[in-house]
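Please read the structure below before turning to the comments.
No experiment lies behind these values; they were computed from the predicted model shown.
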Amino acid sequence: MSGVAVVTVAHGRHDHLAGQRLSLDRSARTPDAHVVVAMDDPHLVASGIARVVVDTTPQGLPLAAARNRGADEALRLGADVVVFLDVDCLVGPSLLGAYADAVRGDPETVWSGPVTYLDPPPRGGYDLDRLDELDSPHPARPAPAPGELTTGADPALFWSLSFACSSAAWKRTDGFCEDYAGYGGEDTDFARVVDSVGLGLGWVGAARAFHQWHPVSRPPVEHLADIVRNAEIFRSRWGEIPMRGWLDEFERRGLARTDEQGRWRVVAPG
């Protein structure tokens, strides 16, 4: 049996997850399964929302491992199309159908969709029936028009908050590298893996998602240790450093620096 499964990893953000679930219910094509992976989240376990449970690690939340366990469950349930969504993402009405059509039409491409970062919600929350009126995709990523597909995408522009692939393509990648824990790097690494095993990367114009607002810091100083550690893991695997904008800003603020061997390190207080 084939079907479309959505995989969402979550730690907190319960209101955002509830919004995502409502938007999936309103989708023109609803998922055959929604695999919620709880990372150190007793509420999602006790409520029965979580299908998969992953413990945290001393290094931070196991985002890579959680996505892998979620995909394992999706394939066990018989999905031939696996859609990965960040817990903060609401789906546009055409997202699932567009991803399913793109994946089945070209199962050797890993597909991403444009994402709009929303302003804070009005009183009463976002109107899920009028999301398309808020459409304004992030300018740093490709945004084909609805109905358009682009292939041959730059791996550096891949993002994990909204993408889809065939079960066969997923198996070919072996999933996300679980050396990464905490925030940053694992999605850029995955795109490199996709490219290295001969799969393509593309963008689906009609797979519109909408990222619910929450406070952020720029650069993400709360993830300083994760980013520095994961950047060096990436270097060990691919010979170069990712996330340079963040790292350079951390250095400017005196939070991180390179050592005598050119490796990034967190600067100890004092």
Side-chain angles (χ1 to χ4, degrees), residues 2-10 13-37 49 67 70-71 74 79-107 109-151 153 157-166 169 187 191 201-214 216:
S2 62
V4 177
V6 173
V7 174
T8 303
V9 303
R13 301 277 171 84
H14 300 143
D15 290 345
H16 284 185
L17 178 59
Q20 180 181 103
R21 286 157 61 90
L22 287 172
S23 71
L24 288 168
D25 288 343
R26 285 168 164 76
S27 177
R29 198 254 192 247
T30 56
D32 298 291
H34 187 196
V35 179
V36 176
V37 184
I49 293 173
R67 291 193 187 101
D80 67 314
V81 176
V82 184
V83 177
F84 294 82
L85 287 175
D86 185 277
V87 68
D88 299 317
C89 283
L90 304 169
V91 303
S94 65
L95 180 144
L96 286 183
Y99 269 148
D101 289 346
V103 168
R104 288 172 177 156
D106 185 351
T109 293
V110 174
W111 297 96
S112 298
V115 179
T116 293
Y117 278 74
L118 297 173
D119 292 330
R123 187 184 301 274
Y126 302 109
D127 186 341
L128 299 182
D129 295 321
R130 303 179 68 180
L131 286 176
D132 286 346
E133 297 177 16
L134 305 177
D135 185 58
S136 181
H138 195 288
R141 294 295 189 276
E148 293 182 355
L149 304 177
T150 63
T151 55
L157 298 180
F158 173 81
W159 52 11
S160 57
L161 74 169
S162 175
F163 76 98
C165 63
S166 67
D187 49 357
L201 288 159
W203 289 80
V204 184
R208 247 60 178 181
F210 300 83
H211 188 280
Q212 300 170 84
W213 182 88
H214 60 77
V216 296

Sequence-distant partners of [X], ring-ring contact (aromatic ring centres under 6.0 Å, His included), two or more places apart:
{"X": "Phe163", "answer": "Phe84, Phe158, Phe190"}
{"X": "His211", "answer": "Tyr117, His214"}
{"X": "Tyr126", "answer": "none"}

side-chain contact (heavy atoms from CB on, under 4.5 Å) involving Thr151 - partner list, sequence neighbours excluded: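 Residues passing side-chain contact (heavy atoms from CB on, under 4.5 Å) with Thr151: Trp111.
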By side-chain contact (heavy atoms from CB on, under 4.5 Å), Asp129 pairs with (sequence neighbours left out) Arg26, Asp127
What distance do Leu118 atom CG and Leu90 atom CG have between them, rounded to the nearest 0.5 Å?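 Leu118 CG to Leu90 CG: 6.5 Å, rounded to 0.5 Å.
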Mind checking what makes side chain to side chain donor-acceptor pair (under 3.5 Å) contact with [X], not counting sequence neighbours?
{"X": "His138", "value": "none"}
{"X": "Ser27", "value": "none"}
{"X": "Ser112", "value": "none"}
{"X": "Arg21", "value": "none"}

Qualifying salt bridge (charged side-chain N to carboxylate O under 4.0 Å, His left out) pairs with a residue from residues 84-93, counting only residues at least two apart or across chains: Arg13-Asp88
How would you list all residue pairs meeting salt bridge (charged side-chain N to carboxylate O under 4.0 Å, His left out) that involve residues 204-214, not counting sequence neighbours?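 The answer is Asp135-Arg208.
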Output a table of donor-acceptor pairs, distance under 3.5 Å, between side-chain atoms of residues 93-107 and any protein atom two or more places apart or on a different chain; print 'none' if there are none.
unit_1, atom_1, unit_2, atom_2, d
Ser94, OG, Ala206, O, 2.6
Tyr99, OH, Gly113, N, 2.8
Tyr99, OH, Ser162, O, 3.1
Tyr99, OH, Ser162, OG, 2.8
Arg104, NE, Asp80, OD2, 3.0
Arg104, NH2, Asp80, OD1, 2.9
Asp106, OD1, Glu108, N, 3.3
Asp106, OD1, Thr109, OG1, 3.4
Asp106, OD2, Thr109, OG1, 2.9

Are any of the side-chain heavy atoms of Thr8 and Leu17 separated by less than 4.5 Å? yes
Could you check if a side-chain atom of Val83 sits within less than 4.5 angstrom of a side-chain atom of Val4, using non-hydrogen atoms only?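 With C-beta onward as the side chain, the pair touches.
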Which atom names give the shortest non-hydrogen contact between Val7 and Ala74, and what distance separates them? CG2-CB, 4.1 Å
Non-hydrogen atoms of Val87 and Ala10 that approach each other most closely: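 Nearest pair, atom of Val87 first, then Ala10: CG2-CB, 3.9 Å.
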Using a cut-off of 6.0 Å, state whether more than 12 heavy atoms not belonging to Asp25 lie near its atom CG.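 It does: Asp25 CG has more than 12 such atoms within range.
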